[in-house]
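A short write-up of the structure that comes next.
The chains referred to below are lettered A, B, ... by the order of the sequence lines, with proteins before strands, and numbering in each begins at 1.
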Amino acid sequence: MERFYLTTAIPYVNARPHVGHALEFVEADVIARHERSRKKDVYFLSGTDENAIKNLQAAEKEGISVEKFVAQNSGAFEELLKALNVSHDQFIRTTDKKHKAGAQALWRATAKEDLYKKTYRGLYCIGCEQFYESDELNERGECSEHPGKKLETVEEENYFFKLSRYEGWLRELIESDRLKIVPEVRKNEILAFIKKGLKDFSVSRPIQRTHGWGVSVPDEPHQTMYVWYDALANYITALGYPDAGAELFKKYWAKSDVRLHVIGKGISRFHTVYWPAMLKSAGLPIPTVEFVHGYVTTDGQKISKTLGNVIDPSEIIKKYGADPLRYYLLREIPAYTDGDFTFRRLEERYNADLANGLGNFAARVLALGEQVGDMAVARVEREVDEKIKEEKEILKNKLEEFKFHESIGAIWDLIKCGDEMVNDKKPWAIEGREEKAAAVFNLVAILDNVAVMLNPFLPETAAKITESIQWSGDTVRVRKGGLLFPRLK
RNA sequence: CGCGGGGAGGAGCAGCGGUCGCUCAUCUGGCCCAUAACCAGAAGGUCGCCGGUUCGAAUCCGGCCCCCGCAACCA
């Protein structure tokens with residue numbers, strides 16, 4: 001059986017999840033559910049990245065311990081996954097002991113010549129506890145967060161990773177699609193970045209700055225791993241790396257047919273440049289595909305706390321339900337670029353597509369079905385059958401390219417076709433019971449297939465439809481349930 | 001000259017060399033199984049501006065204007 005491993009990125013937990021995180025979770029979930037339905041052996045990982053220095057500062061601001069702080073926020077992410085009905089198999093936290101040990105093992109496995117110590121010298125802001133480049137500062141040479149505070153020139157010794165050594169290899173890897181980056185725009189972006197020349201990057205921080213928060217460098221008690229170095233490792237530590245006997249690691253990393261990372265555009269460099277190089281250095285297989293989605297803006301603006309336009313996805317779910325949010329993210333946000341979220345648009349989509357489209361089609365077919373009672377299972381009309389096959393093919397092909405918005409569109413094309421058929425055949429006016437039942441049967445078949453196609457996208461709704469169509473031997477009976485999506489307002 | 005994306009009817013998008021297409025909203029007609037839903041049809045655009053290539057350009061080339069991202073710890 002073909003093996004398929006996929007992951008979401010593990011978000012930072014210095015704040016609660018916003019609607020953008022929901023986009024990535026839902027997209028990854030659609031892939032996972034779709035591949036499972038195609039009888040692939042799927043393993044789906046999500047989790048949280050908790051070892052960043054910034055968590056220390058954020059926790060301090062709220063006056064709680066950093067452990068408690070990250071646990072709280074990590075919990076919020078896990079709850080969001082649940083509320084969205086995401087079907088992940090594991091949720092990893094990078095503060096897990098297992099993960100930390102795994103990250104250290106990856107460090108140890110890294111080729112000796114790739115890790116070296118170097119002195120770093122830069123402008124350091126005591127307030128922010130971070131380095132700044134001179135062009136990031138204002139005219140007086142101060143950071144925007146702490147005006148009036150002079151930056152200090154600080155010198156520290158860090159470990160560096162010899163990324164430069166992998167320049168040619170990475171370029172070939174990506175150009176040849178052995179590591180496939182979707183969409184093309186992102187592939188080109190990364191190639192342009194590589195062609196400019198790769199610099200070695202710092203992979204550790206002195207413990208004075210991290211206060212011991214994070215994963216310590218093996219045999220170097222005074223150094224903490226750079227948070228990205230440990231974070232990226234989550235994709236394999238979750239599977240049991242480095243334990244040689246770890247079944248999951250063998251199955252879903254070492255010998256998997258597909259290793260897919262679903263990530264946002266802001267972190268593509270880490271995933272398509274650093275991460276493959278780190279794995280290569282440690283002699284491990286690299287990912288096969290990386291899908292880079294765009295960002296969700298709200299009212300056309302970038303989501304940011306300072307703008308105060310952060311939308312809490314759990315609020316949307318509470319008000320409209322999980323499937324309507326899933327639908328909006330998948331249909332309204334173009335898969336390859338940024339998309340906008342507004343409540344107005346959500347309500348428009350809800351009424352037009354979910355209530356009037358899907359919901360109403362289901363209601364009229366089920367009502368007709370209930371009228372005729374038991375229907376004989378027969379071959380569906382050729383025309384209908386072909387239409388169903390055609391739309392299923394479109395759905396599958398578009399999904400393989402991660403074009404969620406176009407993929408889900410195929411289902412609505414089928415619904416449209418079903419609606420036309422109802423108007424055209426007028427089953428309610430057919431006199432003979434047999435003829436009437438036969439006409440309705442074709443409509444039920446369409447609805448049934450709509451449910452199957454809908455399953456990866458709107459699992460709750462798909463299940464409701466499936467429940468109301470009862471197949472038993474050579475007859476099928478239909479039970480009209482409540483409204484799938486009551487119209488708003 | 002830092003890199004990239006984009007400017008299309010009221011809104012959002014597909015098209016990327018051959019009569020501007022789709023969805024939503026609007027109007028008219030049909031239907032009455034259905035959630036004032038569904039079906040058919042209509043109206044609405046000089047495809048950012050200027051110039052060029054071409055028999056022919058939203059589509060290719062050059063210039064300009066305007067938005068928006070990224071620029072090595074943002075999904």
Check your understanding: Got a sec, which residues hit side-chain contact (heavy atoms from CB on, under 4.5 Å) with A:F193, two or more places apart in sequence or on another chain?
Key ->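 Partners of A:F193 by the side-chain contact (heavy atoms from CB on, under 4.5 Å) criterion, ordered by chain and then number, come out as A:L198, A:R269, A:V273.
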Taking only residues two or more places apart in sequence, or in another chain, which ones meet [X] in a side-chain hydrogen bond (donor to acceptor under 3.5 Å, both in side chains)?
X      : answer
A:D312 : A:S314
A:Y350 : none
A:W275 : A:H261
A:H99  : A:D230, A:T237

Contacts under 3.5 angstrom, residues 415-423 of chain A side chains, donor-acceptor by atom type, not counting sequence neighbours:
{"unit_1": "A:D419", "atom_1": "OD1", "unit_2": "A:R364", "atom_2": "NH1", "d": "2.5"}
{"unit_1": "A:N423", "atom_1": "OD1", "unit_2": "A:R364", "atom_2": "NH2", "d": "3.0"}

Review point. Quick one: do A:E370 and A:R479 make a salt bridge, cutoff under 4.0 Å?
Key: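 Result for this pair is no, no salt bridge flagged.
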**Study point:** Qualifying ring-ring contact (aromatic ring centres under 6.0 Å, His included) pairs, either residue in residues 420-443 of chain A, two or more places apart
**Key:**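 Of all non-adjacent pairs touching residues 420-443 of chain A, none passes ring-ring contact (aromatic ring centres under 6.0 Å, His included).
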Suppose you measure atom [atom1] in [N] against the same atom in [M]; what distance do you get, rounded to whole Å?
N     : M     : atom1 : answer
B:G21 : B:G62 : C1'   : 29 Å
B:C13 : B:A72 : C1'   : 33 Å
B:C68 : B:A25 : C1'   : 26 Å
B:C24 : B:C65 : C1'   : 31 Å
B:A34 : B:G9  : P     : 40 Å
B:C66 : B:C49 : P     : 15 Å
B:G44 : B:C22 : P     : 15 Å
B:A57 : B:C16 : C1'   : 10 Å

Study note, to complete from the structure: Note, RNA chain B 5' to 3' with Watson-Crick or G-U pairs under 3.5 Å encoded as ( ), [ ], | and . gives .((((((..((((....[..)))).(((((.......))))).....(((((..]....))))))))))).....
Exercise for review: Hey, which sits more toward the 5' end of RNA chain B by its nearest nucleotide, A:F201 or A:E348?
Suggested key: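 That would be A:E348.
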Point to revise | 5′-ward residue of the pair A:E406/A:E189 relative to RNA chain B | key: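 Final value for this comparison: A:E189.
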Review point. Quick one: what's the B/S/- string for nucleotides 27-40 of chain B, heavy-atom cutoff under 4.0 Å, read 5' to 3'?
Key: ---BSSBBB-SBBS
What is the distance, to the nearest angstrom, from the [atom1] atom on [X] to the [atom2] atom on [N]?
X      : N     : atom1 : atom2 : value
A:Y350 : B:A25 : OH    : P     : 15 Å
A:F270 : B:A72 : CZ    : C1'   : 6 Å
A:F161 : B:C73 : CZ    : C1'   : 17 Å
A:K196 : B:C70 : NZ    : C1'   : 10 Å
A:N158 : B:A72 : CG    : C1'   : 15 Å
A:K195 : B:A71 : NZ    : C1'   : 18 Å
A:F193 : B:A71 : CZ    : P     : 10 Å
A:I190 : B:A72 : CD1   : P     : 13 Å

Considering every strand and a 4.0 Å limit on heavy-atom distances, what is the contact class for [X]: base, sugar-phosphate, or nothing?
X      : result
A:R186 : nothing
A:V296 : base
A:Y295 : base
A:P11  : sugar-phosphate
A:G266 : base

Check your understanding: Which side-chain hydrogen bond (donor to acceptor under 3.5 Å, both in side chains) pairs, counting each pair once, include a residue from residues 405-414 of chain A, with sequence neighbours left out?
Key ->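 Applying side-chain hydrogen bond (donor to acceptor under 3.5 Å, both in side chains) to every pair that reaches into residues 405-414 of chain A, excluding sequence neighbours, yields A:K398-A:E406.
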**Study point:** Residue pair A:L23 / A:G294: nearest heavy atoms and the distance that separates them
**Key:**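 Here A:L23 and A:G294 meet closest at CD2-O, 3.7 Å.
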Review point. Are a donor atom and an acceptor atom from the side chains of A:E50 and A:S74 found within less than 3.5 Å of each other?
Key: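 A pair is found: one side chain offers a donor N or O, the other an acceptor, under 3.5 Å apart.
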Review point. So, does the side chain of A:Y12 form a donor-acceptor pair with the base of B:C74 at under 3.5 Å?
Key: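 Checked by distance alone, the answer is no.
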Check your understanding: Mind checking what makes salt bridge (Lys or Arg N to Asp or Glu O under 4.0 Å) contact with A:K100, not counting sequence neighbours?
Key ->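 A:K100: no salt bridge (Lys or Arg N to Asp or Glu O under 4.0 Å) contacts found.
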Review point. Just by distance, do the side chain of A:T466 and the backbone of A:A462 share a donor-acceptor pair under 3.5 Å?
Key: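 The answer is yes, because a donor-acceptor pair under 3.5 Å joins these two groups.
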Measure all distances between protein nitrogen or oxygen atoms and nitrogen or oxygen atoms of nucleotides 8-13 of chain B, and list the pairs falling under 3.5 Å.
none

